[in-house]
There are 2 protein chains.
Amino acid sequence: MDELTPQQQKIFDFIRKTIERSGMPPTRSEIQLAFGFRSPNAAEDHLRKLQQRNAIEILPGTARGIRLKKSSLMSGALNNGSLPLIGRVAAGSPILSEAHVQGRYQVDPALFKPRADYLLRVRGSSMRDAGILDGDLLAVHRSAEARSGQIVVARVHDEVTVKRLRRRGASVELLPENPDFKAIVIDTRQDSFAIEGIAVGLVRNERLL
Amino acid sequence: MDELTPQQQKIFDFIRKTIERSGMPPTRSEIQLAFGFRSPNAAEDHLRKLQQRNAIEILPGTARGIRLKKSSLMSGALNNGSLPLIGRVAAGSPILSEAHVQGRYQVDPALFKPRADYLLRVRGSSMRDAGILDGDLLAVHRSAEARSGQIVVARVHDEVTVKRLRRRGASVELLPENPDFKAIVIDTRQDSFAIEGIAVGLVRNERLL
DNA sequence: CCGGGTACTGTATATAAATACAGTTATGCG
DNA sequence: CGCATAACTGTATTTATATACAGTACCCGG
């Protein structure tokens, strides 16, 4: 993606702010008004250039048909500041499918770094010593890759689990943070294994007694 | 706010999904198409009813002028969905004074029971075994009263601390959840002591490594 | 000094979209 | 039963929006 000129950046920022503020992208006229242009075509020109530079996507013939392409926002989590809560995940099905969404919590995805994509309710106390307790909502950033030492959401033989990842050459260890639990050792050449995401935060709203 | 009929709920969900998927609210025609209506007015009718029931806001004369008002499932309290983060609390000053507000986090106060009033950054690891770690944001419900056994934000001799409360007749104990720390015993007749609030939840957004 | 890019003005127009008006069918309520 | 309400069909009309076409002014590099 090319660099944007200062003016183009301002237009881009205005689009982003408009989406945040009003919940929808601006029209050409609204851009015109906001910048004091005397022609809606000034806005049109800028949008074309932003599209050329891959900063936005224009949906032809569509009112307010502007999409931000840069990393700014957008993902499984929307800008309105809510995250889907994923419930019990069925074997063999993708974690973010509609069927698993049990609700939405109004928690800003951008509160976490990197951005959280969904919340997962933690079962069991295998990560107790990392301060992750039974019933906690784990904020997860969707990713198929993770570094050794990170706490990850992993899928082993169609079962979803939260553990600390440790790489050992061709094998992978999933370590609990509780001496009462045993580590899971995986031979990546033999066992079915996939990383679903990286733990980026936590929300606890019960069991505080 | 009234309840929505199943069909109205479907329309509402469609609007939410459309915003998530495409980055903008749907038009009447798009709703019509998605539900197989033969008239755009069917969509118009539904939108009117959703507005009557305070589920959405319609911006008149505006393309895609639909705003979600109640954030799906979450209790529809009219709050702006954010909580102040209280920083270092100066001696002798009330905890919720403007001077201490370090920022606001977009976290729904109604996510916690009872409702959270502010977030407090936890210092130290004295509550480690309760899953409350250094740097965590404690969600606090403002209250001058608390039951024995609850985790409270207390002020002892002008110092603010988070501990488990235990009542012992005329005295009060503030118990850490970490054997490395010692309990604080207070004679309520002699010592300056006040409960600032009750811990109702937790948000962690760092130190997840 | 010419060509190309940025940053616009000004006018025009097809169409995307909101929305009014007039009905229809079905259901539940008192 | 009559009546309100939900959930539509069908048609029409305005207006909001996207977008084409024709220019102007300025800066920059070759």
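Just so you know, these numbers use all the heavy atoms, side chains as well, and skip hydrogens, waters and symmetry mates. Throughout, protein chains are lettered first and strands after them, A, B, ... in sequence-line order, and every chain is numbered starting at 1.
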With the threshold set at 4.0 Å, does a side-chain nitrogen-carboxylate oxygen contact exist between E44(B) and K49(B)? no
Nearest whole Å is fine: how far is dG5(C) C1' from Q7(A) CD? 15 Å
Has R164(A) got a side-chain atom pairing as donor or acceptor with E177(A)'s backbone, closer than 3.5 angstrom? no
I'd like to know whether E57(B) forms a salt bridge (charged side-chain N to carboxylate O under 4.0 Å, His left out) with K69(B), so could you lay out the CA-CA distance, the side-chain angles of the two residues, the decisive distance to 0.1 Å, and finally the verdict. CA-CA 6 Å; E57(B) 183 183 354; K69(B) 290 200 76 177; 5.1 Å; no
Residue R28(B), side-chain heavy atoms: nucleotide from dA7(C), dA17(C), dA18(C) that is nearest: dA18(C)
Whole-Å distance separating the NZ atom of K10(A) from the P atom of dA7(C): 10 Å
Does anyone know the first and last nucleotide of DNA chain D in reach of chain A, 5' to 3', at under 4.0 angstrom to a heavy atom? dT17(D) to dA22(D)
dA18(C) C1' sits how many Å from L59(B) CG, rounded? 12 Å
Please work out whether the ring planes of F14(B) and F35(B) are parallel, tilted or perpendicular, with thresholds of 30° and 60°. perpendicular
What distance separates L174(A) CG from I186(A) CD1, expressed to the nearest 0.5 Å? 4.0 Å
Could you check whether any side-chain N or O of R64(B) sits under 3.5 Å from a backbone N or O of A63(A), counting only pairs where one atom can act as donor and the other as acceptor? yes
Just how far is it from atom CG of L138(B) to atom CG of L202(B), taken to the nearest 0.5 Å? 6.0 Å
Short side-chain N/O contact to dA7(C) OP1/OP2 from T5(A), under 4.0 Å: yes
Given V107(A) and F112(A), is the side chain to side chain contact (heavy atoms under 4.5 Å, CB included) satisfied, shown in steps? CA-CA 10 Å; V107(A) 175; F112(A) 308 99; 4.0 Å; yes
Residue mapping more 5' on DNA chain D - nearest nucleotide basis, D45(A) or T62(B): T62(B)
Of all of residues 30-44 of chain A, which get a heavy atom below 4.0 angstrom from DNA chain D, listed by number? P40(A), N41(A), E44(A)
Distance in angstrom units between I11(A) CD1 and dC8(C) C1', rounded: 11 Å
